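See structure below.
This structure is a prediction, so every number in the text was calculated from the model and none was measured. All ligand and atom numbering here is 1-based and tracks the order in the structure.
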Amino acid sequence: MAVATLTFADRVAAEVERKRSQLVVGLDPRPDLPTIVTMVEKAFELSEASHAPVMMELRIRACHVTGEFTAKDNRRAAFSGVNRLAGPPKFNYARLSHPPVTFLHEKLKVEEREPAAQKFIRGEKLNEFFSGDLADIGIITLGGLTNGVLRALERLGLADLFGNSRVPIYCLNVAYPLVPEELRDFCAGKRAVLVVEEGNPDYVEQAVNTELRRSDIQTRVLGKGMLPKAGEYTSDVLLAGVAAFVAEVKPATVDADAVAARQRQLTAHKPGAAAAVGELPVRPPSFCTGCPERPVFTALKLAQREIGATHISTDIGCHSFATLPPFSMGNSILGYGMSLASAAGVGPNMEKRTIAVMGDGGFWHNGLITGVASSLFNRGDGVLVIMQNGYTSATGLQYMPSSKASRQGGAAGMDIETTLKAVGVKWLRKVRTYGVAKMAETLKDALRSAERGLKVIIADGECQLARQRRVRAEDAAKLTRGERVVRTRYGVDDEICTGDHSCIRLSGCPSLTLKPSPDPLRSDPVVTVIESCVGCGLCGEVAHAAVLCPSFYRAEIVKNPSWLERTRHAVRRRLLPIGGRPEKAAAQAPA
Ligand code: SF4
Ligand code: SF4
């Protein structure tokens, strides 16, 4: 049966069927480096043992853990690119994951794969037990939350700083599947356990309840209720949850009232402190300093001042930072390379043209077909902005088809502009991202043009992170050879800055910040550019395009200058009344 002949409902049913029939093992290791490393190794063996994919979740707190582990030697794979398989495996229809063979998979999942996974998890002791003297109660926690639970216990006087807890803990480094024997062993003889899992529905709590009731173990199961049903389990949330559990179950040798008082004492100052400090400004993540994508959204802001708000369909990638302040742009965000397809869903019902923003990675991943080809085929009339920064940057600068290099060395030779022309895009412009005024004009043209059909703007500018890595290495080599190196920086003349902060609102560059005004008659802080400025030029472009104050200046810091530059500089220093402002004196080309 070809999928193309299925209705949407059939496809959904097939997908549900496929998901139901497959076993996917989930690891959520305790944030501890040796544990994480062991889990990585065991994940491969677990996958082999259970014939199932194994997924490992590393929570943000696990990613911030520091410590040590002992590395092992790499192992040669049984087969690889240098040790190839002689031929494909024998055709086996039962190995495919489409209906109707999914019914067989479901049987295999229940009868073979899940038991095999559980046997491996138990045999290899992937889940951990921490004993404690309060043996009639316990905590069952997802591995990733263990450190938070231990910290809460420590703050309440029920654990020490080294993680030795008075409350026994069953740490689920494997979130799925649960191992019934381990669960029963842990809960047998306990009056109550607290299940700590983030998110909703409470899958683990439900599974624990089911297993215990089926086994006729009458341990009370507490979880959501002591802890919130949704939201992040931060340190204070866990503190309150563990304290509530202790108050509820009242362990024999613990003064539950003292624990409750301790929790209240630990958090009593918070409302007062919050009231005293007032509402703190949010610090949303943002584009890197000098990112080539930031100016596009500045231009979009300026264009919208003239043409009014438009529907903006955003995408996955660095440019999704534009959904946060100071841009706060994006009516939808669907999936990698899906922005144009998403905009197509609303475009025909909109008075104004929609704008879809997509990265070059998203374009090759998906957008060329689901977005561009579909728009041309369906005679769409939207605007597509493709951020051509040369890499799949958001996930760590991987190469992609239009990168100037590839893993194999030279460029892959594929080009977005040529590809768009080849599939039939007629209205196509390529604009340097840092040219804010030109970008704003091009956006307005695309939105107002009488020409119908898809309009594509390729916003061209190399990822600043990649550029800085390249340029820094090149500059270091030049300095070693004693050659001239120029570094561009921008600055703000604090005597001219009016302190209205429009430049910050329009660009949001992290290198733009505030400092007290040197003028005693003005109370508003002025803008200043800090050392991290990479001299991308956006400041000057914004000041020009948005007709802001003329307080920005550009400075060139020259290392190993020529004799002419030295002479010119010496003359300038004599002529200009510069006092203590050497940076301004170094400015060679005012913006
Ligand atoms: S990684 Fe590159 S493209 Fe992404 S925000 Fe940073 S500079 Fe911009
Ligand atoms: S020139 Fe302006 S926008 Fe560019 S990095 Fe420096 S402060 Fe930021």
Test Cys497 against every option in Pro525, Pro518, Ser551 by the side chain to side chain contact (heavy atoms under 4.5 Å, CB included) rule and name the one that passes. Ser551
If we ignore hydrogens and angles and just use 3.5 Å, is the side chain of [X] paired with the main-chain N or O of [Y] as donor and acceptor?
X: His569; Y: Thr567; result: no
X: Glu198; Y: Tyr233; result: yes
X: Thr38; Y: Pro34; result: yes
X: Lys301; Y: Arg505; result: yes

Can you find a side-chain donor-acceptor pair between [X] and [Y] that sits under 3.5 Å?
X: Gln388; Y: Asp460; value: yes
X: Thr314; Y: Ser320; value: no
X: Thr35; Y: Arg30; value: yes
X: Thr433; Y: Glu293; value: no

Pull up every protein N/O/S atom sitting under 2.8 Å from atom 6 (Fe) of ligand 1, skipping waters. Cys288 SG
Are there any protein N/O/S atoms under 2.8 Å from atom 6 (Fe) of ligand 2, and if so, which? Cys533 SG
Going through the distances and angles, do Asp500 and Ser502 end up as a side chain to side chain donor-acceptor pair (under 3.5 Å)? CA-CA 6 Å; Asp500 74 335; Ser502 319; 2.4 Å; yes
Against heavy atoms of Asn389, which atoms of ligand 1 measure under 4.0 Å? 3 (S)
